There are 2 protein chains.
Amino acid sequence: MTGDPEEATDVTVEATAETDIRARILDASAEAFMRAGYAGTTIDDLAREVGATKGLIYYHFRSKFDVFLAVYAEGMARVRARVEPWSRADGRGAERLAAMARAHLANLMEDLAYHHAIHQGVAGTVSAALRPRQRQDLQELSSLRADYEDMFRAVLQEGLDDGSVRPVDPRLATRTLLCSLNAVDTWFRPQADQPEADVEALAAALVDLVVGGLLPATAPPSPVRPG
Amino acid sequence: MTGDPEEATDVTVEATAETDIRARILDASAEAFMRAGYAGTTIDDLAREVGATKGLIYYHFRSKFDVFLAVYAEGMARVRARVEPWSRADGRGAERLAAMARAHLANLMEDLAYHHAIHQGVAGTVSAALRPRQRQDLQELSSLRADYEDMFRAVLQEGLDDGSVRPVDPRLATRTLLCSLNAVDTWFRPQADQPEADVEALAAALVDLVVGGLLPATAPPSPVRPG
DNA sequence: GTCTATAGTGGGATAGAC
DNA sequence: GTCTATCCCACTATAGAC
């Protein structure tokens, strides 16, 4: 289970100038938010990163917070698109879970800035003083996030059912699994001279660690202790 | 291994009015930072939480950032004091690691607000525009944090040596372990009517999950269990 | 020690030129 | 569509009364 479980139908999306500039703003914003955090980033920072001025940002987005929401949504859409096919692949629960974790990590390392933004959003650091509409938008995104987690939990549950996952609490295990994967964005920073193989090895090791910890173990609890 | 590995010598600290008010400010600040984040919290918020005004805060601390640093330092000191004794207890590596994880979680749930603040500090969300001196202070605290992680890694390494931990990369495993534990502060909120036993059960389940995943597995993928 | 008043400024948001 | 100019508020930090 290493290739792609399904070919993406190559729909040629009409890349209008509008979608193009929006995309560039989102990329730049994600990058800026990662560097200085949401609160520590000014609209001027975003504009400078795009190579434009404030006015441009406000032409395309109503507020700084709306930019954040769009970054969040885009990041979630990307990771989901990459992971979801694996949840419907062949194989036992644990194997599919490992494949999903690999895909999640691959996307995380690729779209590191977007994940960092999502992380902040979930942490709630952002929600200082929000208008009702914005609060509701954030709520909707949170439910996207919850759906994403549900997808993992469902597969983990299948692993419990088919015996490929040792008996654990599915909610807690899923949460912990995702947190372990996501924590990578706090310490992983791509190095210019780092060979692709190293990054893949890191991802493989982490998947092995976290999913491997869920495999059934018959080892005795070993209360030997010569205390 | 459930009791306390060593009695704390009951040094009677002279609680001057000074240390008292400082402590109250720190508690209130940690609480406020958890609610709205560092950037989203104003000095007025802190003051209101203490039941005083801005002037008081600035009498005891040079700046808002200094308050944050003090919260960070206090939180680290508390969790370290609670966990460190277990690292020197009797038993094999895996058992001590589990005891440390339990102690860490117990403190986390107790001093939730402090942990939340530390979490933000590590994430770097705070370091928007710092003066050189403040940047250095934050650096020092980061090294406290690194030392704390080293303590866990050393015990995990002993577990590798004595065979109580399955072969994993110690750096990666330690990081992941701590991240899994710390992630609790993103979703755990104490409920007023929640019995103490529930919280303990939660902690036990999590420790079992994350440390259990590090135990040696001699099992074949064990496809037992009736579908 | 704690409070009130206020100085100073950074930055989100808008209006209007081009 | 993109930029310039500017408004204005919130918030840090300080000065000085009590």
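All values reported here derive from a predicted model rather than from experimental measurement. Chain identifiers are assigned alphabetically (A, B, ...) following the order of the sequence lines, protein sequences preceding nucleic acid strands; residue numbering begins at 1 within each chain.
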Novice: With the side chain of A/T53 defined as its heavy atoms from C-beta on, choose the nearest nucleotide among D/dC3, D/dG1, D/dA5.
Specialist: D/dC3
Novice: When the distance from CD1 of A/I43 to C1' of C/dG12 is rounded to whole Å, what number comes out?
Specialist: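 So the CD1-C1' distance, A/I43 to C/dG12, works out to 6 Å.
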Novice: Do B/S180 and A/T176 have side-chain N/O donor and acceptor atoms under 3.5 Å apart?
Specialist: no
Novice: Tell me yes or no: between the side chains of B/D27 and B/Y114, is some donor less than 3.5 Å from an acceptor?
Specialist: yes
Novice: Expressed as a whole number of angstroms, how long is the span from B/R48:CZ to C/dT2:C1'?
Specialist: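 Nearest whole value for this atom pair: 17 Å.
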Novice: Whole-Å distance between D/dA13 P and B/D44 CG?
Specialist: 12 Å
Novice: Please report, rounded to the nearest Å, how far the P atom of C/dG12 is from the CZ atom of A/F68.
Specialist: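 Distance check: A/F68 CZ to C/dG12 P gives 15 Å.
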Novice: Return the nearest nucleotide to the side chain of B/Y58; candidates are C/dT14, C/dG1, D/dT14.
Specialist: D/dT14
Novice: How many Å lie between CG on B/D45 and P on D/dT12, as a whole number?
Specialist: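 Rounded to whole Å, this separation is 8 Å.
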Novice: Of the options C/dT2, D/dT2, C/dA13, whose atoms approach the side-chain atoms of B/I21 most closely?
Specialist: C/dT2
Novice: Report the nucleotide, chosen from C/dT2, C/dG12, D/dT2, that has the shortest atom-to-atom distance to any side-chain atom of B/L56.
Specialist: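 Of the candidates, C/dT2 comes closest.
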Novice: Report yes if at least one side-chain N or O of A/T42 is closer than 4.0 Å to OP1 or OP2 of C/dG11; otherwise report no.
Specialist: no
Novice: Please check if the number of heavy atoms outside B/R133 that lie under 6.0 Å from its CZ is greater than 12.
Specialist: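 Buried by this count: over 12 neighbours within 6.0 Å.
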Novice: With A/Y148, which of A/H104, A/R80, A/E84 fulfils side-chain hydrogen bond (donor to acceptor under 3.5 Å, both in side chains)?
Specialist: A/H104
Novice: Under 6.0 Å between the ring centres of B/Y72 and B/H115?
Specialist: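 So the answer is no for these two rings.
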Novice: Once you round it to whole Å, what is the distance between C1' of C/dG12 and CG of A/D66?
Specialist: 13 Å
Novice: Which nucleotide in the set C/dC3, D/dC3, C/dT6 lies at the smallest distance from any side-chain heavy atom of A/A52?
Specialist: D/dC3
Novice: Figure out the CD1/C1' separation between A/I57 and D/dG1, and round it to whole Å.
Specialist: 13 Å
Novice: Take atom NZ of B/K64 and atom C1' of C/dG10, then tell me their distance rounded to the nearest Å.
Specialist: 13 Å
Novice: Please pick, from C/dT6, C/dG12, D/dT2, the nucleotide with the shortest atom-to-atom distance to any side-chain atom of B/K54.
Specialist: C/dT6
